[in-house]
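Working notes, beginning with the structure itself.
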Amino acid sequence: MTADRMPHLKIVDAGARSHLPFSPGIIAGDFMYVSGQASVDAETGAIIPDSFEGEMRRSIANLKAILEAGGLSLDHVINVKSYLADEADGALYNRIYPEYFGRPAPTRSTIVGVLGTKLKFELDCVAYRHATRQQAT
């Protein structure tokens, strides 16, 4: 493949620090992929246990920081995968979610019961770089 045909690829090393082996975000061509974000301290990467709501809001704040470092916002997100430790938190999750991801909402998958005992919530996303969901036709 010639240089002019190579897709743009950039590591976005921002947001909450982690000792785990993953990139916080990667821009690949027209899309930005953001790794799973949880309720962790942005400076140390230490897990911050909290209520479900507190963990969800901190996780989204961490995700938002990575998007912003890549020049994007939550409005650019086109796909979200959320992970809930407890199905009982589903109603609260669905009440909080639209505060961050308004209409038209991104596509979404919600996976329950896979986080173990240290976290109540985690999410990752894919964002489109050239338009927001509100600009969709």
Answer yes or no: is there a side-chain heavy-atom contact under 4.5 Å between [X] and [Y]?
{"X": "I26", "Y": "M32", "value": "no"}
{"X": "S39", "Y": "F121", "value": "no"}
{"X": "M56", "Y": "L123", "value": "no"}
{"X": "T132", "Y": "L72", "value": "no"}

With rounding to the nearest 0.5 Å, note down the distance linking [atom1] in [X] to [atom2] in [Y].
{"X": "R58", "Y": "I47", "atom1": "CZ", "atom2": "CD1", "result": "11.5 Å"}
{"X": "Q135", "Y": "H76", "atom1": "CD", "atom2": "NE2", "result": "6.5 Å"}
{"X": "L63", "Y": "C125", "atom1": "CG", "atom2": "SG", "result": "4.0 Å"}

Over 12 non-hydrogen atoms of neighbours within 6.0 angstrom of CD in Q134: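 It does: Q134 CD has more than 12 such atoms within range.
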
Please name the residue in the list V80, L67, V77 that meets the side-chain contact (heavy atoms from CB on, under 4.5 Å) test with V34.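 The single option meeting the side-chain contact (heavy atoms from CB on, under 4.5 Å) with V34 is L67.
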
[X] side-chain N/O to [Y] backbone N/O, donor-acceptor pair under 3.5 Å:
{"X": "R133", "Y": "L74", "answer": "yes"}
{"X": "S51", "Y": "G54", "answer": "yes"}
{"X": "Q37", "Y": "S35", "answer": "yes"}
{"X": "T44", "Y": "A46", "answer": "yes"}

Evaluate R129 against H8 for side-chain contact (heavy atoms from CB on, under 4.5 Å), listing each step before the verdict. CA-CA 12 Å; R129 295 176 57 217; H8 176 73; 3.9 Å; yes

ILVMFWY clustering at 4.5 Å (side-chain atoms), partners of Y128: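 Once heavy-atom contacts under 4.5 Å are chained together, Y128 belongs with F31, Y33, I78, V126.
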
Under 3.5 Å, is there a donor on one side chain and an acceptor on the other for N62 and S59?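 Short answer, no.
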
Tell me whether V40 is reachable from V12 by hopping between hydrophobic residues (I, L, V, M, F, W, Y) whose side-chain heavy atoms are closer than 4.5 Å.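 No.
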
Side-chain polar contacts of residues 110-120 - donor-acceptor pairs under 3.5 angstrom, sequence neighbours left out - could you list them?
| residue | atom | partner | partner atom | Å |
| --- | --- | --- | --- | --- |
| T110 | OG1 | Y93 | OH | 3.2 |
| T110 | OG1 | R108 | NE | 3.4 |
| K120 | NZ | D50 | O | 2.7 |

With a 4.0 Å cut-off, would you call K81 and E122 a salt bridge?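 No salt bridge links K81 with E122.
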
Would you give me the side-chain donor-acceptor pairs under 3.5 Å for residues 83-91, sequence neighbours excluded?
| residue | atom | partner | partner atom | Å |
| --- | --- | --- | --- | --- |
| Y83 | OH | D124 | OD2 | 3.1 |
| D86 | OD1 | A88 | N | 2.9 |

